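Following this message is one structure expressed as structure tokens.
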Amino acid sequence: MDRKVRVRFAPSPTGPLHIGGVRTALFNYLFAKKHGGDFILRIEDTDQKRFVEGAEAYINESLEWLGISPDEGVVQGGEYAPYRQSERMSMYKQYADQLIEAGHAYYAFDTSEELDEMRKKLEAARMSAKYDATSRMNMKNSLSLSQDEVNKRLENGDPYVIRIKLPRKEEVRFHDEVRGWVVVHTSQMDDKVLLKQDGLPTYHLANVVDDHIMEITHVIRGEEWLPSAPLHVLLYRYLGWEETMPKFAHLSLLLKPDGKGKLSKRDGDRLGFPVFPLEWTDPKSNEISSGYREGGYLPDAVLNMLALLGWHPSDNQEMFTLDELVEAFSLEKVSKSGAKFDADKAKWFNNRYLQSMDNQILADLLKPMIAEKGWESDNDYLVDVVTMVKEKVNFAPEILAVSEYFFVDPTSYDEKAVKKKWKGETPQVITDLADVFSGMEDFSADDIQAKFSAFAEDKGVSPGSIMQPLRLSVSGMAGGPPIFDMLALLGKDVVVSRMQVANDRITSTV
């Protein structure tokens, strides 16, 4: 009987979550939901030297913002708790001891100086500088030393690590769900440390033990872990768990926009786009790194963009809801080659989602920003502003940048437009047009347009010659939404007042 699908995203809390890590989390989430399974978040914090305060909370908040929260984890709990490796430390040594008893691991007592000397000798001999089946017999370990010597060292409390004992000549084969069959010879591998001197496990042992105990069925992770996969396969075999070993899928890297190397924070800083889901403040340096959320990206747009970096749907569809991604996703469609990050495409996705977003929801997003600026606006008015201007922007905060005049009177006027459009006769035209508007009872867009056209005809001037001075006097800007809709929304009193003020200010400077 097939087991229930269980996948895990297992980041280390060593800093902010890279957008490549977010994609790994997303692919795990999509695969789990596609197969009615569970998505687990496990915090791999065995390396306490690299632990960064706040990183774990950042990871949880990022996944929650994106709408791909785990089914089990530190926050959610679950029957396989605890979900922090640092809280599971007591369980790992028994498996290292089991490997020693079975002859698949050994004690190594070498000092750091002795290890350095070994590497130098091997490099001088133009050999690979690794601790393996060839070099280990010249080192101080339980394979090269007598049993009495080993017992004596253990009784004395001499420092040691536990290393896996790899066979000298053996092929390790496993099937990768993305890359097909992978074959590695043990002569290309080394006897990795499984348990460190302080008694803490390395990633290799802890990872395999936890995946087994948590009944993980599929390990979907970045390709940087592909070289470690043969070692993990052997650990499953040596621990007697090969029958329930998870299937592996190693995802290609997210590449720089030019395709030359892995996408990094420096690339984002240099080219002006975020590489982290949320803004991050380094607790040591106080350096602030930009985030997609604070940059105005919508979570659905970020997910859609990431899904198409390295995964190719069966048709040419580009826009997906999260439910549609779940339905369409398969590991068979994940590419082996790296995916180039495209910042312009990310903006395109955000624009598309912004345009299709319900105007009330978008208005609700903007309310805290408006309050922060000290502007006043009722809900219906704000919804009308959003409806009028959102097609001009890629990000929600930009709506406020291009619509400030809907909330406060302009304090400046576009200099180029003034120089080009504000002629000698313009002040009188604006004065007369303000009088016409002032006398209107119905200040709807249609009525404004009718009065405006009649005014232009009566004055014997082209409507175009008046249009831009009118817009300038009311908004201070050269462009914007349809002018008669804009005037109607602002209202007669505001429009007439601004025309009068602008006439005085602009005329005095021309």
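Keep in mind that this is a model prediction, so the values were computed, not measured. Position 1 is the first residue of the sequence, and the numbers go up from there.
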4.5 Å side-chain heavy-atom contact, R3 and T244: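 Contact flag for R3/T244 side chains = yes.
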Salt bridge (charged side-chain N to carboxylate O under 4.0 Å, His left out) pairs, two or more places apart, involving residues 356-374: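 Checked against salt bridge (charged side-chain N to carboxylate O under 4.0 Å, His left out) - neighbours excluded - the pairs reaching residues 356-374 are D364-K367.
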All pairs passing ring-ring contact (aromatic ring centres under 6.0 Å, His included) where residues 68-88 contributes a residue, at least two apart: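 Found none.
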Aromatic plane relationship, Y203 with H232 - under 30° parallel, 30 to 60° tilted, over 60° perpendicular: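 Answer is tilted, since the angle falls between 30° and 60°.
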Flag side-chain contact, heavy atom, 4.5 Å: M305 against D342: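 SC-SC contact between M305 and D342 ruled out.
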Ring-ring centroid check Y58 F276, cutoff 6.0 Å: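 Here the rings of F276 and Y58 have centres that are no less than 6.0 Å from each other.
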K347 atom NZ, neighbour heavy-atom count above 12 within 6.0 Å: no
Pairs touching residues 449-478 that satisfy salt bridge (charged side-chain N to carboxylate O under 4.0 Å, His left out), sequence neighbours left out: D432-K459
Ring-ring centroid check W311 F27, cutoff 6.0 Å: no
Side chain to side chain donor-acceptor pair (under 3.5 Å) against Y29, all qualifying residues, sequence neighbours excluded: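 Counting only residues at least two positions away or on another chain, Y29 forms no side chain to side chain donor-acceptor pair (under 3.5 Å).
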Aromatic ring proximity Y353/Y297, centre distance under 6.0 Å: no
Worked verdict on K33 versus D71 for salt bridge (Lys or Arg N to Asp or Glu O under 4.0 Å): CA-CA 10 Å; K33 300 308 169 187; D71 301 298; 2.8 Å; yes
Check: N207/Q85 side-chain N/O donor and acceptor closer than 3.5 Å: no
Ring geometry between H250 and F248 (parallel below 30°, tilted from 30 to 60°, perpendicular above 60°): parallel
Heavy-atom closest contact (F39 atom, I68 atom, distance):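 Shortest heavy-atom separation between F39 and I68 comes out as CE2-O, 3.2 Å.
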Ionic contact status for R84 with E56, cut-off 4.0 Å: yes
Between S264 and D267, a side-chain donor and acceptor under 3.5 Å: yes
Any pair counted as salt bridge (charged side-chain N to carboxylate O under 4.0 Å, His left out), so long as it reaches residues 4-29, sequence neighbours left out: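 Every pair satisfying salt bridge (charged side-chain N to carboxylate O under 4.0 Å, His left out) with a residue in residues 4-29: K4-D38, R6-D38, R6-E72, R8-D211.
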Min side-chain heavy-atom separation L251-W225 under 4.5 Å: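 Sidechains of W225 and L251: no contact.
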Ring centre gap for F443 and F437 strictly below 6.0 Å: yes
Without placing hydrogens or testing angles, list every side-chain donor-acceptor pair under 3.5 Å for residues 403-411, not counting sequence neighbours.
residue : atom : partner : partner atom : Å
S403    : OG   : I399    : O            : 2.5
D409    : OD1  : R498    : NE           : 2.8
D409    : OD1  : R498    : NH2          : 3.2

pair L298-F349: side-chain heavy atoms closer than 4.5 Å: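 They are not in contact (no side-chain heavy atoms under 4.5 Å apart), so the answer is no.
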Side chain proximity check, S69 to N60, heavy atoms < 4.5 angstrom: no
Non-hydrogen side-chain atoms of E425 and V461 separated by less than 4.5 Å: no
